[in-house]
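All residue numbers in this chain count up from 1 along the given sequence. As the structure lists them, so they are numbered: ligands from 1, and atoms in each ligand from 1.
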Amino acid sequence: MQVTRIVLSAVVSFASISAYAHQHANFQEFFSKQELAEKRLIDTGNGKPQWMPLSQALELGEFAHQNGRCGGFFDLTDQKEVSREPLVQVESFRLALGDRPMVQQAYLSQALTVLESQRMFKTVTDLSAFRNRFYKSETGVQSAKFIADQFRSIAKNRNDITVEMFAHSKWMQPSVMVTMKGTGPKANEIVVIGGHEDSINQMSFGMPSMNAPGADDNATGVATILEVFRVLVDTNFKPNRTLMFMTYAAEEVGLLGSQEIANKFKSEGKAVVGVVQFDMTGFPGAGDQIVFMTDFTSPELTQFSQKLLDVYVKAKWSNDKCGYACSDHASWNKAGYMAVMPFEATMSSDNKDIHTPRDVINKLDFNHTMHFAKLGLSFMAELAQ
Ligand code: BES
Ligand code: ZN
């Protein structure tokens with residue numbers, strides 16, 4: 001429905017979009033004239049990709065946000081086609097998920113108490129202190145290095161953990177990829193916890209000096225992932241399956257980083273059995289509840305996560321829809337993997353200051369973020385075995 005509204009508004013008011021964009025955007029700071037004119041293959045989430053100049057895709061996103069909507073799109077141009085068919089091993093995991101008993105009561109009753117909201121507050125403070133984390137800016141690169149350093153310092157005494165920078169050929173900012181190797185027969189199966197590291201200011205898109213603190217979107221998600229990782233390490237957790245922690249570059253410009261990663265994993269036949277996406281975990285717009293996005297996600301993994309909330313976290317939850325491919329879970333979903341997207345609020349009650357200089361820490365509630373960290377820790381610990 002969201003997509004229909006965006007497409008409709010694009011048709012009805014294309015002239016006003018262009019006028020608007022010319023007044024407020026300066027895409028040329030980051031993209032050459034040639035790049036802006038180059039036709040890109042854009043899918044707004046309806047599965048009907050269209051070729052349009054890059055400038056038009058960027059303007060659509062910007063215009064939608066200024067009008068209180070999101071203008072999500074997949075930029076498919078540089079993506080190798082991968083099959084949407086799930087791997088056999090992943091499919092059998094999916095079919096068994098409904099009847100899977102909870103097996104981590106003993107571990108989690110302890111480990112959940114080790115999570116600290118103060119640490120997530122600190123990470124969001126540090127990440128939002130970068131002027132921006134834009135995928136094409138120097139501070140975007142620095143912020144990715146900062147995140148990798150945090151992972152490294154937590155993992156320094158573990159030789160079964162690797163921290164890598166995943167380089168992307170088309171832009172400067174790398175994704176960060178951390179692996180805690182599993183042991184035994186399930187070690188080739190992978191569980192992923194992830195969220196995007198980049199930020200954007202859509203009011204002054206592409207200005208190198210633009211201020212885009214991205215405290216909620218998505219320093220909170222990165223902070224949540226880091227804290228789950230810290231507790232798994234500090235409690236000396238040793239998984240059977242391989243656990244991966246990822247912060248994706250270039251989400252805000254068409255899910256570019258996560259698409260490249262998910263497609264690569266698929267083409268290499270990697271058996272990712274579940275992906276949890278944390279994108280915005282700090283603004284309790286609909287009160288004290290976690291909202292599951294039911295589009296571009298797996299119903300089985302969503303139900304499983306809701307069970308985790310009931311059993312371990314004892315937090316309230318409900319369902320909603322983004323209405324379009326709103327975050328990196330959609331990249332995994334499109335590659336045939338199961339993904340879940342627990343979100344901070346309903347679509348209508350979300351944080352209206354994202355993508356502006358007003359996306360700052362003081363409107364966030366870290367008790368809310370704590371519920372996401374508890375869910376993330378339960379998710380990783382349960383699916384590890
Ligand atoms: N965190 C947002 C997604 C979001 C915003 C979900 C509000 C639910 C409510 C994400 O970082 C984002 O901004 N996504 C883009 C889409 C992307 C494909 C360019 C968006 O929503 O415009
Ligand atoms: Zn965003």
OG1 of T162 to CZ of F151: how many Å apart, nearest 0.5 Å?
->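 Rounded to the nearest 0.5 Å, the OG1-CZ separation comes to 11.5 Å.
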
Counting N and O atoms only, with roles assigned by atom type, does the side chain of T139 sit under 3.5 Å from a partner on the main chain of Q142, one being a donor and the other an acceptor?
->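 No, the answer is negative, given that no donor and acceptor are paired below the 3.5 Å cut-off.
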
Is the distance between the Zn ion (ligand 2) and the nearest N/O/S atom of [X] smaller than 2.8 Å?
| X | value |
| --- | --- |
| E251 | no |
| E252 | yes |
| H355 | yes |

Under 4.0 Å from a heavy atom of [X]: give me the atoms of ligand 1 that qualify, with their elements.
| X | value |
| --- | --- |
| D279 | 1 (N), 2 (C), 3 (C), 10 (C), 11 (O) |
| E251 | 10 (C), 11 (O), 12 (C), 14 (N), 17 (C), 19 (C) |
| I354 | 5 (C) |
| H196 | 11 (O) |
| M280 | 1 (N), 2 (C), 5 (C) |
| A325 | 18 (C) |
| D350 | 7 (C), 9 (C) |
| G254 | 19 (C) |

Would you call [X] and [Y] a side-chain contact if the rule is heavy atoms closer than 4.5 Å?
| X | Y | value |
| --- | --- | --- |
| T281 | F343 | no |
| T123 | Q150 | no |
| I200 | E251 | no |
| L256 | W171 | yes |

Within 45° of the ring axis of F296 and under 6.0 Å from its six-membered ring centre, is that where the NZ or CZ of K334 lies?
-> no

Yes or no: does [X] have any heavy atom under 4.0 Å from an atom of ligand 1?
| X | result |
| --- | --- |
| L255 | yes |
| S327 | no |
| Y324 | yes |

For the Zn ion (ligand 2), the nearest N/O/S atom on D217 is atom OD2

NZ of K316: more than 12 outside heavy atoms within 6.0 angstrom?
-> no

Got an N/O contact under 3.5 Å between C326 and ligand 1?
->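 Yes; the residue has a nitrogen or oxygen that sits under 3.5 Å from a nitrogen or oxygen of the ligand.
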
Would you please indicate if the ring centroids of F166 and H168 are separated by under 6.0 Å?
-> yes

F265-W332 aromatic ring centre distance below 6.0 Å = yes

Test side chain to side chain donor-acceptor pair (under 3.5 Å) on N319 and T294 and set out the steps.
-> CA-CA 7 Å; N319 291 327; T294 59; over 6 Å; no

Give the contacting part of M293 toward ligand 1: side chain, backbone, both or neither, where contact means a heavy-atom distance below 4.0 Å.
->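 No part of M293 is near ligand 1 at this cut-off.
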
Part of M347 within contact of ligand 1 (heavy atoms, under 4.0 Å) = side chain

